[in-house]
Amino acid sequence: MVENKNTDHCPVELTALILGKKWVPTIIFSLKDAELRLGELQRLLGCSKKILIEQLNILVSHKIVENRKVYKGNTVESYYSLTSCGDELLPILKDMKTFGCKFEENIKK
């Protein structure tokens, strides 16, 4: 979680703190088009359930991802989707993807 000890964070540093966590950019990018259940996200990403839950909980606490619970009898299904704040990160991630592709081409030369 991003700690709020120093309220004078540089906005770029704050964004990097959020997006710099393992799996976070991939989770956000995976939720860009659809609401997904935990198992669907896990299969899509190929990461451990423990790590995925930890990162999703952080993203939910920062209001980047929403967790909608559906009660079906004795079971609860959790559906994850991006909030409007999470949607605002998508152009940044697309720019990062573009940069990464160009950078990869340059280092191969």
Side-chain angles (χ1 to χ4, degrees):
M1 203 172 328
V2 176
E3 294 183 23
N4 199 11
K5 291 179 182 175
N6 180 359
T7 57
D8 297 330
H9 277 301
C10 165
V12 174
E13 179 186 6
L14 185 58
T15 305
L17 284 171
I18 293 166
L19 292 179
K21 302 287 185 194
K22 188 166 177 97
W23 295 105
V24 166
T26 313
I27 291 168
I28 293 170
F29 211 72
S30 297
L31 293 172
K32 70 179 174 40
D33 295 323
E35 178 180 69
L36 297 172
R37 291 178 30 205
L38 180 66
E40 294 170 319
L41 260 175
Q42 186 181 5
R43 279 189 296 281
L44 187 64
L45 300 176
C47 66
S48 76
K49 186 175 183 179
K50 178 183 182 268
I51 295 292
L52 182 57
I53 290 170
E54 285 174 6
Q55 297 308 320
L56 283 168
N57 287 338
I58 290 169
L59 291 169
V60 168
S61 73
H62 289 310
K63 297 180 171 70
I64 294 169
V65 169
E66 178 180 46
N67 179 2
R68 183 174 65 89
K69 296 186 186 299
V70 175
Y71 297 91
K72 294 185 175 183
N74 292 335
T75 62
V76 179
E77 292 182 354
S78 288
Y79 291 85
Y80 293 93
S81 61
L82 292 179
T83 64
S84 58
C85 182
D87 284 335
E88 289 181 33
L89 289 169
L90 291 173
I92 296 167
L93 293 174
K94 288 177 184 172
D95 287 345
M96 288 173 67
K97 178 182 176 186
T98 300
F99 174 82
C101 290
K102 289 179 184 176
F103 186 74
E104 184 178 39
E105 284 178 26
N106 287 335
I107 60 173
K108 286 181 179 178
K109 291 180 182 177

Evaluate the side-chain contact (heavy atoms from CB on, under 4.5 Å) criterion for residues Val65 and Leu82: first the C-alpha distance (whole Å), next the side-chain angles of each, then the deciding distance (0.1 Å), finally the verdict.
CA-CA 4 Å; Val65 169; Leu82 292 179; 4.1 Å; yes
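- To the nearest 0.5 Å, the span separating CG on Leu59 from CG on Leu52 amounts to 9.5 Å.
- Formation of a donor-acceptor pair under 3.5 Å by the Thr83 side chain with backbone atoms of Lys63 is found in this model.
- Smallest separation of non-hydrogen atoms from Ser30 and Leu36: O-CD1, 3.7 Å.
- The cluster map of Ile, Leu, Val, Met, Phe, Trp and Tyr, joined by side-chain heavy atoms under 4.5 Å apart, puts Ile58 and Tyr79 in different clusters.
- The distance from atom CD of Glu66 to atom SG of Cys85, rounded to the nearest 0.5 Å, is 12.5 Å.
- For the atom pair CD1 of Ile51 and CG of Leu56, the computed distance is 11.5 Å after rounding to the nearest 0.5 Å.
- Leu38 is not listed as a side-chain neighbour of Ser78, based on a closest heavy-atom distance of 4.5 Å or more.
- Residues Val12 and Leu93 do not share a hydrophobic cluster, clusters being chains of Ile/Leu/Val/Met/Phe/Trp/Tyr side chains in contact below 4.5 Å.
- Remark: Leu19 CG to Leu14 CG distance equals 9.5 Å, nearest 0.5 Å.
- Rounding to the nearest 0.5 Å places CD of Gln55 at 11.5 Å from CD1 of Ile53.
- Taking both residues in full, the closest heavy atoms of Ile28 and Gly86 are given as CG2-O, 4.2 Å, listed atom of the first, atom of the second, then distance.
- Note that the CD atom of Glu35 and the CG atom of Leu41 stand 10.5 Å from one another [nearest 0.5 Å].
- Closest of all the heavy-atom pairs between Gln42 and Lys49 is NE2-N, 3.3 Å.
- Geometrically, Lys32 engages Phe29 in a cation-pi contact defined by less than 6.0 Å to the ring centre and at most 45° from the axis.
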